[in-house]
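In the text below, chain A, chain B and the rest are named by the order of the sequence lines, each starting its count at 1.
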Amino acid sequence: MEEYLLKVENLCKSFVVEKSLKKKILSFFNKERPEAVKALDNISFNIKSGEILGILGESGSGKSTLARTLMGIHKPDSGSAYLLGKNIFTANKTEKLDIYKNMQMVFQDPYGSLDPRMNIRQILSEPLKIHNIIPKEGIDNFLNKSLEEVGLSKDSLDKYPSEFSGGQRQRIGICRALILNPKLIIADEAVSALDVSVQAQILDLLVKLKEKRGISIIFISHDVAVVRQISSRIILLYHGKIVEEIDSDRLLSDAKHEYSRKLINAALTLRESGINR
Amino acid sequence: MLKIDNYSLTLKGSNKVSLPVLENISLKVDKGKCLGIAGESGSGKSVLAMSILGLLPKTSIEHISGQIYINDKKITNASEKELNDIRGKEVGFIFQEPMTAMNPLMKLKEQIAEVVYAHKKEINSKDADEAVIKALSRAGFKEPLKFLDSYPHQLSGGMRQRAMIAMALVMNPKLIIADEPTTAIDAELQTEILTELRRQIDNFGLSMLFISHDLGVLRSISDDIAILYCGNLLEKGPANLVLKNPKHPYTADLIAALPRLTLERKLPSPIKGTLPSPNNKPKGCVYSDRCKKAKDICFNTRPPLKEIGNNYFVTCWE
């Protein structure tokens, strides 16, 4: 049963398209059903422990909706997701607390995802408070050790997010996600806002954390090169559907779907051959 | 077109700290060529772009030395009025994020015509619209008339970026400064925009200063590449030479940090440490504290910019 860490089955989520008041009234009288966009259309996949799964797609493909639905930010229309055998969507409040202790998220924007009015001690200890965890070695010792693990210096606890660079803030975001010692991390475009040199540092950190702690990572990005390098298996999303699932080693040579080839070719132009001149 | 001659800029930091953000920068952009400037955030690349157009608030500047020329005109001490004549008309600017750089409440034609009205006070609205339509089609809009009344949010990402290009082109400038115009967008759109910009250079003899942290992007568009680090120029030369056989260890490290799509699948190698802050630069070479090849002399004495080939310069003791 517990073969997979996370198992997602037939997940669907659609959003109703906002209309102008005039159109709303018209469609009410015409008894039209509200227009909806299928952001996630029958998504099924699974992830084993210690695995990095890449989710690749352009903007609008539904990759962020997937992350948010799994994290409970959006409510799914139908489908199920099991973390360690427990259904995330039907769990009650206390069960959810337990589930999300094992599943945490790293966000894209290193500026918007940290509260500017909280210092690093407050930011990192908030999850501990919610889960009522008191570290044996004392809170500061524990937090300093965690900061060290993500490559930040010990004098950081009293500082505020504004005193850090983008790359350092992303390390803080990763540290916050790790503080509860989760089994799965969802990283939604976690390196997209960073310079390439800092990107490489963060990717390196994620891989090291995976090896050291044995965590799994769902790595979401629009960047073919980055996803292919960090993950062992890749799911390609297009208009909310999984169009292909493939081992990263075989992506360049064996990807079949038209959309996959289009993405790969664009990335090859950008990363290897250069534009036609 | 653009000549930057031994330009240094020191800004006022908080607590009366001096921040030397640019040191002895010499660069030039020839007609019909593209100079790519590569640098991490904090390297001074955006400050350089802003000082070319005099966009930095006067109160924040502590000291300037050296000169910047646009079309042989000295602009370092130009008045605000003179600068306003240059901005938009002789030099166009393409910003990073079209969503924040455009006014969400203005129609596309109003947005672009604003530049026209700023330079030609007497122009009638018909001629202004004409100029907008011309700029839009030059930027690759196939049916510009259809989009004149669109608001930014009604355009796709690619169209928004093209509208930004049209805005920079509307007064027919000879030089474009593009500050990270393709960062954080999908690869397909990036190649589309890069191809469009290169077309402007090749077909209209436009000169361009293209700023990016991504050497992969710069390779596609530039003729020459300059590597900026900590306000200093570390390497400058023809793009193919700099990228194929980098002479400065920093350039080599930047290339190794690029995500690649080669057959062998391996992670990019990160550069250790972080960029030093402008008021705390190493005494010797600015890259000495992170350089794998640093020797004694690198830590103590700053290397000079030396010419190692035709139009090829490097700042390194190697």
Side-chain angles (χ1 to χ4, degrees), chain A residues 56-61 108-109 151-152 164-168 189 191-208 221-232 247-253 259 262-277, chain B residues 38-43 156-157 180 182-199 201-202 212-223 239-240 243 250 253-275 277 290:
Chain A
L56 190 58
E58 291 180 286
S59 47
S61 61
Q108 168 170 14
D109 181 1
L152 287 169
F164 295 91
S165 68
Q168 287 171 325
E189 299 275 17
V191 300
S192 310
L194 306 172
D195 281 1
V196 275
S197 53
V198 183
Q199 232 181 49
Q201 288 179 346
I202 298 296
L203 292 175
D204 187 62
L205 172 67
L206 285 175
V207 171
K208 287 204 172 115
S221 174
H222 69 276
D223 191 326
V224 180
V226 169
V227 170
R228 175 173 169 267
Q229 279 160 339
I230 194 169
S231 43
S232 51
D247 283 345
S248 299
D249 286 324
R250 290 172 40 231
L251 179 76
L252 291 190
S253 53
Y259 175 72
K262 205 181 81 172
L263 269 188
I264 293 166
N265 288 336
L268 277 171
T269 310
L270 198 66
R271 290 279 150 228
E272 300 302 327
S273 63
I275 57 168
N276 283 328
R277 277 166 65 169
Chain B
E40 298 174 71
S41 48
S43 63
S156 70
E180 304 255 16
T182 65
T183 300
I185 51 177
D186 300 335
E188 208 181 0
L189 190 50
Q190 274 196 60
T191 48
E192 184 190 317
I193 297 301
L194 289 173
T195 310
E196 186 59 53
L197 288 174
R198 191 63 221 184
R199 196 175 68 87
I201 298 168
D202 294 334
S212 175
H213 69 272
D214 190 336
L215 279 171
V217 167
L218 288 182
R219 180 191 44 194
S220 266
I221 193 154
S222 353
D223 299 289
N240 54 345
L243 292 175
Y250 176 59
D253 291 348
L254 261 191
I255 294 172
L258 280 178
R260 298 290 302 268
L261 271 171
T262 46
L263 277 182
E264 191 197 358
R265 196 168 67 82
K266 66 168 198 231
L267 279 168
S269 27
I271 308 175
K272 286 218 169 69
T274 50
L275 206 82
S277 66
R290 300 170 79 185

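For a residue to count as touching a neighbouring chain, one of its non-hydrogen atoms must lie under 4.5 Å from one of that chain's; by this rule A/L252 touches chain B with the side chain only. Interface remark: B/R260 contributes backbone and side-chain atoms alike to the contact with chain A (heavy atom separation under 4.5 Å). Neither the backbone nor the side chain of B/S212 has a heavy atom closer than 4.5 Å to any heavy atom of chain A. Contact annotation for B/I271: both backbone and side-chain heavy atoms come within less than 4.5 Å of a heavy atom of chain A. Interface remark: B/L189 contributes no atoms to any contact with chain A (heavy atom separation under 4.5 Å). Residue A/L194 touches chain B through its backbone alone, counting heavy-atom pairs closer than 4.5 Å.
With respect to the salt-bridge test (charged N to carboxylate O, under 4.0 angstrom), the residues B/D214 and A/R271 qualify.
With hydrogens and angles disregarded, a donor-acceptor distance shorter than 3.5 Å links the side chain of B/S220 to the backbone of A/I275. Looking only at distances, a side-chain donor or acceptor of A/S248 sits under 3.5 Å from a matching main-chain atom of A/S231. Judged by distance alone, with hydrogens and angles left aside, the side-chain atoms of A/E272 form no donor-acceptor pair with the main-chain N or O of A/T269 at under 3.5 Å.
Among the candidates B/R198, B/K272, B/E192, the residue making the largest number of heavy-atom pairs closer than 4.5 Å to chain A is B/R198. The residue among B/L275, B/L254, B/L263 with the most heavy atom pairs within less than 4.5 Å of chain A is B/L263. Annotation: maximal heavy-atom pairing with chain B below 4.5 Å, among A/G151, A/A200, A/G166, occurs at A/A200. When each of B/S41, B/G42, B/G216, B/G39 is scored by its heavy-atom pairs under 4.5 Å with chain A, the top score falls to B/S41. Between chain B and the residues A/L203, A/D249, A/I230, A/V226, the largest count of heavy-atom pairs under 4.5 Å involves A/D249. Between chain B and the options A/Q201, A/E58, A/R228, A/E189, heavy-atom pairs under 4.5 Å are most frequent for A/R228. Ranked by heavy-atom pairs shorter than 4.5 Å toward chain A, the options B/T262, B/D253, B/L215 are led by B/T262.
Residues passing the side-chain hydrogen bond (donor to acceptor under 3.5 Å, both in side chains) test with A/S197, sequence neighbours excluded: B/E40.
A side-chain N or O of B/D186 and one of A/S59 form a donor-acceptor pair less than 3.5 Å apart.
Residue B/R219 comes nearest to A/G274 through the heavy atom pair NH2-N, 4.3 Å, listed as atom of the first residue, atom of the second, then distance. The two residues A/V196 and B/P259 have their closest heavy-atom pair at CG1-CD, 3.9 Å.
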Can you list the steps and then say if B/Q190 with B/V217 is a side-chain contact (heavy atoms from CB on, under 4.5 Å)? CA-CA 8 Å; B/Q190 274 196 60; B/V217 167; 3.3 Å; yes

